[in-house]
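Below you'll find the structure, written out as structure tokens, and then a few comments.
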Amino acid sequence: GLGDVYKRQQQLAQLSLISLNASLEINPEDPYAIAYKALVEEKVFGRSEVAEKNIEKFKALFNPPFELVELLKLEGLLN
């Protein structure tokens, strides 16, 4: 049922966070990893304070990719 779909979504999101964190260990300034981590934390887990930290990191980047800026604006994480 729907509960299973939701549970599976959470599991996949957890896995993606593990990958994103691994990427950030290698390159702490990877704009894609930072942006997607902010999105997953906010939209899937509702952890706004963690998302916010990543948004701050993203804003500090020099010249982040345009499409990521647009995506984060679209999702309401950047203004």
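Because the structure is a prediction, the values reported are computed rather than measured.
- From Leu77, atom CG reaches atom CZ of Phe58 across 10.5 Å, with rounding to the nearest 0.5 Å.
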Please output the side-chain donor-acceptor pairs of residues 11-20 that fall under 3.5 Å, not counting sequence neighbours, one pair per line with the distance.
residue	atom	partner	partner atom	Å
Gln11	OE1	Arg8	NH1	3.0
Ser16	OG	Ala13	O	2.8
Ser19	OG	Leu15	O	3.2

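- For residues 16-31, no residue pair satisfies the salt bridge (charged side-chain N to carboxylate O under 4.0 Å, His left out) rule, not counting sequence neighbours.
- Counting side-chain heavy-atom gaps under 4.5 Å among Ile, Leu, Val, Met, Phe, Trp and Tyr, Val5 is found in no cluster with other residues.
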Would you give me the side-chain donor-acceptor pairs under 3.5 Å for residues 33-53, sequence neighbours excluded?
residue	atom	partner	partner atom	Å
Lys37	NZ	Asn21	OD1	2.7
Glu41	OE1	Arg47	NE	2.6
Glu41	OE1	Arg47	NH2	3.0
Glu42	OE1	Ser48	OG	3.1
Glu42	OE2	Ser48	OG	3.3
Lys43	NZ	Glu75	O	3.0

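- The stretch residues 62-74 participates, sequence neighbours left out, in these side-chain hydrogen bond (donor to acceptor under 3.5 Å, both in side chains) pairs: Tyr32-Glu67.
- In this structure, the side-chain contact (heavy atoms from CB on, under 4.5 Å) partners of Tyr6, at least two apart in sequence or on a different chain, are Gln9, Gln10.
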